[in-house]
Structure formats: C-alpha cells, structure tokens
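What follows is a short report on a single structure.
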Amino acid sequence: YEDIDENTRKLCEEVILNKSADGKHVERFLEFAEAVKNPPKGAAGAAAGGGGGAAQGKDAWRNGNYTERLHHGLIHGIDKFIDGDVEEARADLQVPLHVIEGPLMQGMGIIGDLFGAGKMFLPQVIKSARVMKKAVAYLTPFMEEEKRAAAIAAGEDPDQPKYNGTVLMATVKGDVHDIGKNIVGVVLGCNNFKVVDMGVMVPCDKILERAIEEKVDVIGLSGLITPSLDEMVYVAEQMKARNFKVPLMIGGATTSKRHTAVKLAPKYDHGVIHVLDASRSCTVVSSVLSGEKKAYLEDITDEYTEIREEYYATLVDKKWKTLDQAQQKKPQIDPDWSKIPPAPKFTGNLMIKDHSIQEIVEYIDWTPFFQVYQLRGKYPNRDYPAIFKDERVGAEAKKLFAEAKEMLEWIVKENILQASGVVGIWPANSVGDDIEVYTSESRDTVSCKFYGLRQQLDMGESEYWCQSDFIAPKGVAPDYIAAFACTGGLGCHEQRQKFEASGDIDKAILLEALADRLAEAFAELIHLKIRTTLWGYAPDEKLSLAELLKVKYQGIRPAPGYPSQPDHREKKTMWDLLDIDRLSEGTLKLTESYMMLPGASVSALVFAHPEAKYFSVGQVNMDQVQAYAERRGETGVEGTERWLGSTVLGYEKK
C-alpha cells in the first residue's frame, strides 16, 4: 500500500470509497487510466502521477538518497546493493555505529510497524532481517577497528548500538525443536531488540548465568514436549530463588495460557507471560519494557488468577470412571477378531538408507508449512492449495511456495539433505491395557511390552479407549504391530550453519521448515509402503495424496508421547525394538528426554486393524497412574507423574 504513489493512491481510494469533494472521481480515474495506457510522448512518468511510471522502471528507487535506498532494500528484502549503500552512508556519517542507529534502525522500525499493522507478512520480515544482518556484517570490521582505537585512547569500550532492550531466548533442557524460537528472534530483531539466542537443550543454570552476564531485560523459554513444561517450572522457581526481576516469556507447541497461569505464574513474582505465536512477541516485550509495565503485568496477573481459579473449580467438578470401570467399557471393535489383518510378508527390522528425496517430495503436506510462517487463509481458503486464492495472504503464500520449490530443487540436485529410516514388524498380542511384542511366531518369548493408558474421564461415553484395543488379545488370535522412525533432516544442521554464517537467515529458516516437511512426508511414504508391500495388508490401495492426508487408508500411526499414549518413555522401547542405534550407525539419536535427532524426524507405532482410529486419552486419575507405574515396574508414581505432566494428570500431584 505504501509503495503506491500518493496521487495514484488518492485516485484509487476515491473510486473504492465512491467519495470525493467534487463527485468527479470516476471521470478522473478513467482519464488517469487512459493516460497510463496511452501516455503522451515524453510524459510517461507524469502519466503515473509522477510516482514511478514505466519510464523509470522497477529500479527507480535507486535514484533516492542512501537513507531511502537502505529503507527500500530492508523493506523489500533486497540485498543486492546493500554493501554499496551502507558504505555510502558510512562515508557520509563517518561513524559506523551511526549508520546502524540511524537509517538501518529507522528502516527496521518501519518494518516493525508494517508487520504489526498486518501490512507485511512473516516471510517478508525474515528477508528484511537477512538484509539487516548483512548490513551489520559489512560495518562490523569498521566498528571493531574503532573499538580498538578507542580502547587505546580512553581505555574503555565505545558505545554499543542503542537497542530497545535485550531478550535472551532458549529451548529448555531436553528439548531440540527451535524453529518457532528462531522466528521469534527474527521478529524481535526487526523491532530493534537485541536477541541472545542460546539454542536448544539449554540447562537452567546456563540460561540464568547468561542472563546475568548479558544484563537481559526479558527471558524467553521455548519447548515442544510435555517434560519441557516441568523444566520451565524449574527455571521459574530458580529465577525466584536467585532474586531475578526480569519478566519471563513462555512459548512453544506444548505450552498454553492455562498451563502458564496454573503452573508457572505462581512460581515467579515478576511477570510470566504466555506468547501464542511470533507475531505477538514484539507486543509482549514492548509492553513489559514500557512505562506501562506495571499496569500490563497487573492485568496479566488478574487474567491468570481468574484462569487458575476456573481450573481448580473444574478439578472439583470432574467425574471419573475407576480404572476397572473404564476397562469394563473397552470398545468391542471386532468381537470375534475375524477382521485382523493378514500375516506380514516379513517380520523383523529393515534399514532404509538415503531414500530418494525426489520421491518423498511428492508426499509433502504443504498446509503446515505455511502455518510455520503464520500465513493462514480464511475459510474456505485455509489449506494448500486454496490458500493461494486468499485475498490477504494468497500472493505472499505463492511467493513463498515458489521459493520453497526452488530450494527443494537445489536440495535434490546438490544432495543437501538425506533421508533415512528404520521399519520393523513383529508378532504381538494385547494383555489387558498393554501390548506384548514377541521374538518369534511361537510367541513364547516376550521381546518388550508397550504400556497403555485408557480414557478415564467420565464424559457420559459408552466406550473408553486404549491403544491395546486395536491388537487381538493373547491366546485369541495371532496379531502383529509395526513401527518406524525416519528423518528428512540429515545434513540440515551443517547447511543451516553455513547459511547463518553468510547472513542468510531466511534461507536457514526455510531449510529447517522444508526438512520438517520432508520428515513428515517420508513418514507418509513409509506408512504407505508398510500397508501395500512390507506388511501388505492393503496391497490394492490406490489413494491420492489428498486422501492420504485425510487418513482414508486402513489403520493408524500414532506417535509415542502424543494423545493416544502421552508417555514419551514409550519411544525408548520402540527405539530399542527397532535397533535404531546400530542400524542407523548413530545418524538417528534419542536424547535423554526422548527427543529425536535430527530435529526433523518422525516416529510412530503402526496399527493395521480396519477399526483402529485416532483418539486422545485425555486426563487420567490417580488409580490409573498407580496401576500404570506398577506395571512398568516402578516403586512409586513420581516418574510417571513427571512424564505425563499436568496436562494429562487429572489431579494435583504432591
């Protein structure tokens, strides 16, 4: 909108609003259109209102002064001329720091305003951050030279750039996902905040030590998995114990405003704020660093107190089935187990090494890719490819998609990313709420056991589900279970480091987003091969990608640690059963908190019964937690309570 010259903008607004002082706006617009279509000789520029007509061309912005050129380059993500423009500004202003504090910061301020007003989208902001980073990189040697000279002359450091504030960000101990955190860092950087990014799997002590060292104004914590919530609580407790006074921001897929209000806010007295997505981060940080900080935090405290009170009231009102009652109401999906799938074509483990990325690309679900960049169309244009028709985000989504396809071609051509995985199929039967996996068809030796949790919250339902319901009971019929783990991100970390070193942070984020999509697409492809060939229980399946993404196939592939079995420790059982450490030769790893490395990885159990469906266990009560811990061979419930976390526990743990 701001790119349209003032005269053209006024003419368009008059016609759109059907309003002008003299009522002749339609005539004026038609005359203007005719002048643009058939400009008088030598007057092409004037025909467009003097604001960048055809004669001036698309590079007309190069005719402005260095401040205007720097602003245009930043706003439009153009780094082609950045070194020359920055050098011109440095020669004029003489002090490199003044270039940063002057035209560059002014440009980033404009970008922050445009993003906040919804006139720029996240992919554009990320490109702007890349240009800014390259501009600062050009100036850095000059500033270091000045710093040395100043140190010799005065024995003190020169002034640093005047940031709006300093924000420390870290993905907490045990967690490896950071793409959302990286995007938040870009957004804050574009709004003139200094961002200290500590990366992933950062222990509490290191976070707090660095916060003191950097004299930060805000600490931001990120996490994806349930155990990260408890680690965040621990960090909040330690901040209080060490007399911190800075606000604490909380974000990530597993976090919520309710959890922040109930579990985190009472642990720390100087502000704990849940941030829903990257676009809100700047507003939150600006608020807690403004003169209105006290009033803002008081409003947050009041809101979170209300949420807490509502939460505790629901605990009193909840009704439960006892574990025994819930088990009595298990679904009878196949009373005589006549629908169990046929015996698989092979049993055991299979390593899939360096699978064709080109084939995997065909199975990409693009809708979550656009959501990473916070491009969300309105119904009916929410999902890919309809998002391209959305009036607000469609054009930017098309542009981003073209860049993604271009990078994918480069990834395939240069072998930047590699995809590998392990698949296994084994004899199995259910025993109560658990699933026994056997070493052979004789089924006399148990290799391992997958432990199940059953729905227990009394919602008036006639059935209460558990994963084991999809496997035939022991002694009734021979059944099987499959599993796999895969990655599309081998090589991602190394290439991302190269991008970051060259200042191409937009490419680093795009690469990471595509690696995640490739991992999910590889999972889709592996599951297809299990159904049609490896196990072969649906050999004639012929589904389109759209049908695959709508789960029109037979069976399900729930991941350990997610709604149908929310205990991440089950992933270790699956990992050992698949013999991944040996078969992958260490390229696939499992952290101490059961997160997969590389981060762009997927794992799942595969249930083949035609009646198997996705469900959520929801919350469980103390009697089930005790029984579950006992079956796992634990002496108490502390470990289970920790790994299930407050979102699954239907009671307050001691």
Side-chain angles (χ1 to χ4, degrees), residues 330-350 352 355 359-360 362-365 367 421-430 433-438 441 450 452 454-455 463-474 476-486 519-560 562-565 570 574 577-578 602-617:
K330 65 180 290 186
Q332 301 299 317
I333 64 168
D334 189 3
D336 58 1
W337 292 96
S338 59
K339 299 179 185 177
I340 59 171
K345 294 183 177 179
F346 99 99
T347 56
N349 297 327
L350 174 69
I352 304 173
H355 193 85
E359 183 183 9
I360 294 171
E362 297 173 16
Y363 293 86
I364 289 180
D365 178 4
T367 297
V422 181
V423 182
I425 308 173
W426 316 275
N429 282 112
S430 63
D433 288 349
D434 305 326
I435 299 167
E436 288 185 349
V437 180
Y438 307 108
E441 288 290 358
F450 289 108
R454 187 170 294 280
Q455 291 174 328
E463 297 174 327
Y464 292 78
W465 295 79
C466 176
Q467 275 188 170
S468 62
D469 297 337
F470 307 135
I471 301 290
K474 188 175 185 177
V476 173
D479 209 341
Y480 301 84
I481 193 169
F484 68 86
C486 66
E520 294 287 353
F522 196 16
E524 194 71 67
L525 177 57
I526 287 174
H527 193 193
L528 171 64
K529 289 182 181 294
I530 289 173
R531 296 192 302 273
T532 58
T533 58
L534 297 175
W535 188 330
Y537 62 81
D540 301 323
E541 179 186 303
K542 296 281 189 271
L543 298 175
S544 67
L545 177 59
E547 290 171 321
L548 292 177
L549 298 179
K550 290 178 181 177
V551 197
K552 298 295 185 182
Y553 47 75
Q554 178 179 326
I556 57 173
R557 58 168 191 269
Y562 289 89
S564 60
Q565 212 315 6
E570 292 293 287
M574 182 198 69
L577 185 60
L578 285 165
V602 176
S603 64
L605 294 175
V606 177
F607 296 87
H609 197 282
E611 300 301 322
K613 68 171 189 174
Y614 290 104
F615 69 95
S616 175
V617 168

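Side-chain polar atoms of S564 and Q467 form a donor-acceptor pair below 3.5 angstrom.
Judged by distance alone, with hydrogens and angles left aside, the side-chain atoms of E524 form no donor-acceptor pair with the main-chain N or O of I364 at under 3.5 Å. Using modelled atom types, one side-chain atom of N429 and one backbone atom of A477 make a donor-acceptor pair closer than 3.5 Å. Using a distance-only test at 3.5 Å, with no hydrogens or angles considered, no donor-acceptor pair links the side chain of R531 to the main chain of Q554. Checked by atom type and distance alone, the side chain of S430 pairs as donor or acceptor with a backbone atom of I471 at under 3.5 Å. Side chain of W535 to backbone of P342: a donor-acceptor contact under 3.5 angstrom is found.
The minimum heavy-atom distance linking A523 with C486 is given by the pair N-SG, 3.7 Å. Taking each heavy atom of L528 and E541 in turn, the nearest pair found is CD1-OE2, 3.2 Å. Heavy atoms only, all atoms of each residue included: V606 and I530 are closest at CG2-CD1, 4.0 Å.
Contact check for P560 versus Q565: no side-chain heavy atoms found under the 4.5 Å cut-off. The side-chain heavy atoms of D479 and P341, taken from C-beta on, include a pair separated by under 4.5 Å. When side chains are defined from C-beta on, D365 does not count as touching E520, because their heavy atoms never get closer than 4.5 Å. Counting heavy atoms from C-beta on, the side chains of N349 and W426 come closer than 4.5 Å.
Taking 4.0 Å as the cut-off between side-chain N and carboxylate O, K330 and D433 do not count as a salt-bridged pair.
With sequence neighbours left out, the ring pair (Phe, Tyr, Trp, His ring centres under 6.0 Å) criterion links Y553 to H527.
Ring geometry for F470 versus W465: interplanar angle of 30 to 60°, hence tilted.
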